[in-house]
There are 2 protein chains.
Amino acid sequence: MLYSTAAKGQPNGSVSLMPTPSHVRQGQGQFKVDSNFTVGLEGYKDARLELARKRFLKALSRQTGIPYHLEALEGTPTLVVKTSAASKDIQSVGEDESYHLEVTQTNATISAPSPLGAMHGLQTFLQLVAISPDGFAAPVVTIDDAPRFAWRGLMIDAGRHFQPMDVIRRNIDGMEAVKLNVFHWHLSEDQGFRAESNVYPLLTGKGSNGDFYTQAEMKEIVEYARDRGIRVVPEFDMPCHTTSWFVGYPDLASGTGPYQIQTRWGVFDPAMDPSRESTFAFIDKFIGEMTTIFPDEYFHVGGDECNGKEWDANPGLKSFMQKHQLKDNAALQSYFSGRVQKIVAGHHRIMVGWDEVLQPNTPKDVVIQSWRGPKGLAASARQGNRTILSNGYYIDLHQSAEEHYLTDPLGGDAANLSAEEKTRVMGGEAAMWSEFTTSEIIDSRIWPRTAAIAERLWSPQDVRDVESMYARMNAVSAKLEAYGLTHRSVEPLMLQRMSGDKDPKYLAVLASVVQPPRGYDRESLKQYDWHSPLNHLVDAVPPESETAREFSLLVKALVGGNASQEQWQTAKDWLTRWRDNDAKLQPTLKSSEITAELSPLSQTVSQVSTIGLRALDDLQNHHAADASATQSDLQTLKAAEKPQAVLRNMIVAPVEALVQAAGKQ
Amino acid sequence: MLYSTAAKGQPNGSVSLMPTPSHVRQGQGQFKVDSNFTVGLEGYKDARLELARKRFLKALSRQTGIPYHLEALEGTPTLVVKTSAASKDIQSVGEDESYHLEVTQTNATISAPSPLGAMHGLQTFLQLVAISPDGFAAPVVTIDDAPRFAWRGLMIDAGRHFQPMDVIRRNIDGMEAVKLNVFHWHLSEDQGFRAESNVYPLLTGKGSNGDFYTQAEMKEIVEYARDRGIRVVPEFDMPCHTTSWFVGYPDLASGTGPYQIQTRWGVFDPAMDPSRESTFAFIDKFIGEMTTIFPDEYFHVGGDECNGKEWDANPGLKSFMQKHQLKDNAALQSYFSGRVQKIVAGHHRIMVGWDEVLQPNTPKDVVIQSWRGPKGLAASARQGNRTILSNGYYIDLHQSAEEHYLTDPLGGDAANLSAEEKTRVMGGEAAMWSEFTTSEIIDSRIWPRTAAIAERLWSPQDVRDVESMYARMNAVSAKLEAYGLTHRSVEPLMLQRMSGDKDPKYLAVLASVVQPPRGYDRESLKQYDWHSPLNHLVDAVPPESETAREFSLLVKALVGGNASQEQWQTAKDWLTRWRDNDAKLQPTLKSSEITAELSPLSQTVSQVSTIGLRALDDLQNHHAADASATQSDLQTLKAAEKPQAVLRNMIVAPVEALVQAAGKQ
């Protein structure tokens with residue numbers, strides 16, 4: 001039996017890949033991956049491909065537990081990687097990343113025009129390998145694959161919370177696994193300057209708390225990423241988000257200083273002074289130095305969130321603006337951006353900036369990263385600027401994988417772009433801002449949801465089946481842990497730590513049905529700063545509750561009237577478990593200052609479950625619920641929507657659906 | 001209330017430390033460890049103490065989730081570390097490792113004569129910190145502590161299965177946490193030579209599969225260990241276990257070769273040729289080179305398990321032995337050891353060897369590591385040689401923590417030594433041989449049981465309360481995961497991998513009641529070699545089943561007639577769960593080649609549980625069990641003792657106890 005996807009995502013029983021390849025044709029039988037499995041290179045060879053081969057074998061060993069030795073082979077390899085030619089020394093946007101993968105019952109072949117495609121093919125093969133009654137094996141399959149977008153990124157903010165080298169490395173490993181190809185490194189912020197400069201040593205000397213990347217470390221990351229087919233685009237945000245620059249170099253600022261590193265979150269007043277030539281001389285020298293470390297053709301200069309207050313307060317700037325006919329702060333920033341763009345171009349780089357950089361006179365080669373709303377991307381493309389989507393891909397905001405997944409760079413306003421305008425949409429980037437993300441929990445904020453974004457950016461536009469996405473994302477999530485990512489293993493460790501209990505099973509039940517607040521709600525619920533320990537339940541739980549999602553699907557089936565007997569029973573079992581959990585959890589909560597705050601939330605979960613059980617019973621027995629009881633329940637549920645202990649109770653919405661359905665009978 | 005331990009291990013409710021300090025006096029109240037906590041050094045200071053301070057703060061951050069910044073402090077620190085003087089440049093045996101730790105409600109002080117004690121004090125403080133209703137805190141306490149033995153080691157065999165650098169590093173971290181102070185690095189074996197030699201490059205060039213440590217890496221480990229107060233003793237095993245030497249340098253061998261690296265386990269024939277001067281010239285040059293990497297005063301030359309076959313088969317050796325009046329192979333090896341001892345001494349090192357090295361004429365400064373049986377240690381001490389115990393501490397043999405814990409270097413034969421002879425017992429070493437240990441599972445073979453051995457070697461001899469040990473070992477085990485060790489997290493990942501199921505909960509139930517075979521039994525149950533994937537259930541489960549141990553204790557209480565109603569119910573719940581697990585697990589087992597073999601074992605667990613439930617019922621209801629039914633049950637249980645799928649069923653013994661008790665009513 002041959003099965004050919006129309007690229008809608010893979011149905012059950014077929015191969016589980018993420019991102020979905022552009023074309024998959026599954027055959028019959030499988031290719032056994034046992035101790036005799038070997039990999040060889042053919043055609044063009046280089047050190048990077050050899051490293052990729054070794055990395056592949058190590059990953060395969062981790063994935064199977066079968067020891068593969070790295071030395072050169074004798075005999076015919078069972079997986080042959082045929083590469084036609086070298087890729088560019090400095091990886092460029094739009095290089096051919098395609099590959100062809102052929103798996104038969106006896107061997108496998110990856111053919112690719114360049115090492116980039118060869119490496120993608122190896123990652124696809126790793127995803128194909130699964131345990132079977134006949135041992136580990138890959139299904140017989142033919143895959144032709146190439147990315148939809150050339151720019152598929154992950155941004156990590158190392159400014160607000162510093163992220164150590166091993167965090168960066170393992171996340172680049174994760175990026176490789178899901179075929180992302182741009183690591184956007186946000187290196188300076190109000191709260192810290194993270195890139196060592198030899199020209200301006202006080203940038204980190206005074207502008208960081210000692211946590212920064214040395215030049216050798218940044219070069220190591222560039223090399224590490226290149227080995228994995230990933231470009232590194234550095235970002236130095238200016239003219240705002242620049243407090244940390246000013247601690248050591250106050251003359252750069254529009255204000256009078258002195259400056260201290262910010263230890264709170266938010267938008268701050270300090271801004272560079274665009275009226276002084278010395279400012280641009282500094283930027284020129286600094287960018288010149290950084291381009292010796294970051295060879296990528298693109299250079300990100302930020303440009304977001306200037307509140308203009310420091311500019312307004314500076315009388316010298318007022319006269320400067322009059323002299324240069326700059327009518328407002330937007331015009332002043334536009335003047336600044338124009339000067340910086342020339343500096344960047346002088347260093348043979350293409351400037352990238354956030355939305356705010358786009359002004360009517362912005363040079364056409366400037367790339368706009370759209371974050372503010374759904375319209376910025378299309379506006380840039382219409383104006384003739386190439387653009388990258390991040391609005392909708394802010395993974396720090398604790399949205400569902402589904403929401404991210406269904407956000408398409410060519411959806412919304414962009415759907416109406418002309419064909420030529422559409423070519424200006426280069427792709428997108430998941431953005432990991434780090435106000436609420438230490439190095440301990442960052443993996444769980446990035447993964448697995450970023451895999452869904454990676455699929456959006458790689459796979460054909462009509463691959464949009466949400467259930468298939470979740471099934472495959474969960475499969476890839478398990479494999480990512482074998483790459484050293486800790487997105488799943490961190491939660492139990494944190495629950496143990498906060499409870500002081502080595503098996504906090506009732507706390508885990510509560511944890512399974514709650515989520516962090518969405519969007520920017522968290523900041524309104526409690527005061528946080530740089531010193532706030534992120535060691536509470538809100539920090540430990542994943543951004544999306546898989547249990548609550550499954551329960552919502554179950555309720556949909558129950559309310560839809562097409563549920564099986566088993567589904568009714570499962571819903572009852574779950575609600576019973578959640579109802580009864582409080583009595584067991586409650587006595588343990590007060591032994592820890594961190595868990596004590598969970599007491600009301602645990603009670604609410606129990607209360608909501610009690611209501612859910614009653615509605616479930618009414619619904620199953622076609623017993624018309626009393627109208628006033630229904631109203632009272634809905635009021636209780638409404639109140640339960642309010643976050644407690646900075647956590648959302650994710651069973652409220654499905655229970656509301658149950659109550660409403662029971663009331664309508 | 002003041003509580004003073006008579007060093008018997010800590011009772012419930014008091015501080016939980018491992019190893020137990022020699023003297024603990026607990027006071028009232030606690031010292032809060034929050035965002036204001038800081039650490040400062042006083043008195044003697046050096047770079048190593050500064051690194052220890054930073055490492056301590058990182059560990060404390062991991063343990064609490066509170067961010068601690070590493071920069072220098074302003075103001076009075078809340079924890080002061082007062083060190084009197086430097087320790088030796090090259091750490092020596094018997095240096096003062098003592099410390100005094102004082103925790104009050106407002107601050108804490110560690111005082112130590114040298115950095116070694118200061119670092120031990122910091123680790124003790126880390127263990128004191130626990131979550132409380134008032135946040136993280138350390139109890140008010142006064143501790144005076146010093147080790148019982150000067151030599152407290154962990155040996156890792158990197159020869160049979162190579163262990164990468166990160167495995168070595170994180171295990172040294174674990175050693176520091178439990179105050180071990182000798183890392184014994186077994187660097188050459190029949191299956192691989194793991195230490196790069198510039199003088200003899202073929203040792204790794206032909207004698208390894210490419211997996212070895214460079215000289216820079218070995219130096220890095222020496223430095224890394226020294227930073228943590230840990231000596232590194234290298235071992236190059238000779239004259240046997242030397243096949244890997246001979247692949248590149250066959251002239252060293254007594255046989256005619258050619259040689260290949262061994263890929264099977266066991267004792268092999270190849271042995272160095274003691275009749276040629278060139279052999280000793282080689283060893284001299286090689287040891288000379290290695291002493292430039294390993295500065296420790298002690299150098300281990302192995303000496304174990306010569307079967308003599310290659311010597312017997314060499315006619316030249318026969319005449320050599322006659323000429324030198326060497327009456328047998330033991331004498332020949334003694335001659336070899338004598339020569340090697342002179343070489344080692346020539347390089348200003350003290351020779352260490354295994355049991356077999358001890359002969360009547362062995363120089364008195366040779367240190368004997370006792371492994372073969374309980375008598376070797378005492379024999380060495382009587383003969384005037386200093387000695388280290390490893391017999392009883394072979395952690396690859398899957399014995400219980402209790403067995404290791406109750407093995408005392410001055411117990412058994414050694415108890416009868418004279419006071420002077422006892423001073424020759426330097427301590428002991430846990431020995432991690434690696435036939436059945438890849439880098440993936442080695443942590444779970446070493447930890448947490450090695451913490452029990454560490455306590456035996458550090459704490460007063462009368463600290464022997466097994467239940468207290470288990471409680472504290474489990475507490476320290478959880479903390480060790482925060483050091484990057486993977487001894488607990490690896491099991492769920494492996495169960496997922498072998499089953500292809502992201503939540504294999506029924507497999508986990510089976511896993512919780514089985515153990516790997518004890519001692520050398522595993523090799524008789526199935527054929528293994530270097531290529532055998534260690535990815536089965538036997539590799540995934542810990543060496544000791546905590547669940548089975550708890551069940552055994554429960555059964556002891558039930559049979560003893562002093563069980564609570566709750567204990568009866570728990571036993572019933574557990575047995576019911578194990579009985580019913582098979583029906584749920586069985587259908588899933590056949591989807592994987594690796595789990596398919598577990599089918600009979602799962603059935604047996606169910607069958608044993610059924611018998612257990614019947615006996616439990618009889619016992620609780622004082623119903624005399626039918627004699628023939630009892631006999632039949634005991635026969636069934638006898639059969640169930642036999643390992644299945646290379647695994648021991650650990651509920652058989654406690655169920656036998658139940659059946660016997662029920663039968664005797």
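Each chain gets a letter, A, B and so on, in the order the sequences are listed, and its residues count up from 1. The figures here come from the full heavy-atom set of this structure, side chains too, leaving out hydrogens, waters and symmetry mates.
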| request: Measure distances from B:Leu534 to the heavy atoms of chain A and classify the residue's part below 4.5 Å as side chain, backbone, both or neither. | output: backbone
| Among A:Thr438, A:Asn474, A:Thr595, which has the most heavy-atom pairs under 4.5 Å with chain B? | A:Asn474
| query | Which distance, rounded to the nearest 0.5 Å, do you find between the CH2 of B:Trp530 and the OG of A:Ser35? | reply | 12.0 Å
| query | Is there a side-chain contact between A:Ser591 and B:Ser132, using heavy atoms and a 4.5 Å cut-off? | reply | no
| query | Measuring from A:Ile66:CD1 to B:Ser532:OG, what's the distance to the nearest 0.5 Å? | reply | 11.0 Å
| query | Can you say whether B:Thr486 sits under 4.5 Å from chain A via the side chain, the backbone, both, or neither, judging by heavy atoms? | reply | neither
| remark: Honestly, the part of B:Lys502 sitting under 4.5 Å from a heavy atom of chain A is both
| request: Give, as side chain, backbone, both or neither, the part of B:Arg488 having an atom under 4.5 angstrom from any heavy atom of chain A. | output: side chain
| Heavy-atom pairs under 4.5 Å with chain B, option from A:Asp34, A:Asn535, A:Ile441, A:Leu493 with the top count | A:Asn535
| said: I'd like to know if A:Glu593 pairs up with B:Lys32 as an ion pair, taking the criterion as any Lys NZ or Arg NE/NH1/NH2 lying under 4.0 Å from an Asp or Glu carboxylate oxygen. | reply: yes
| B:Ser439 portion near chain A, given a 4.5 angstrom heavy-atom threshold | neither
| task | Examine whether an atom of B:Thr64 lies under 4.5 Å from a heavy atom of chain A, and if so say whether it belongs to the side chain, the backbone or both; otherwise answer neither. | result | backbone
| Which of the residues A:Ala478, A:Gly135, A:Ala130 is involved in the greatest number of heavy-atom pairs with chain B at under 4.5 angstrom? | A:Gly135
| query | Where does B:Met498 contact chain A at under 4.5 Å (heavy atoms): side chain, backbone, both or neither? | reply | backbone
| task | Using a 4.5 Å cut-off on heavy atoms from C-beta on, say whether the side chain of B:Ile131 contacts that of A:Arg497. | result | no
| query | Which heavy atom in B:Glu440 sits nearest to a heavy atom in A:Gly65, and how many Å separate them? | reply | OE1-CA, 4.5 Å
| A:Gln260, CD: over 12 other non-hydrogen atoms inside 6.0 angstrom | no
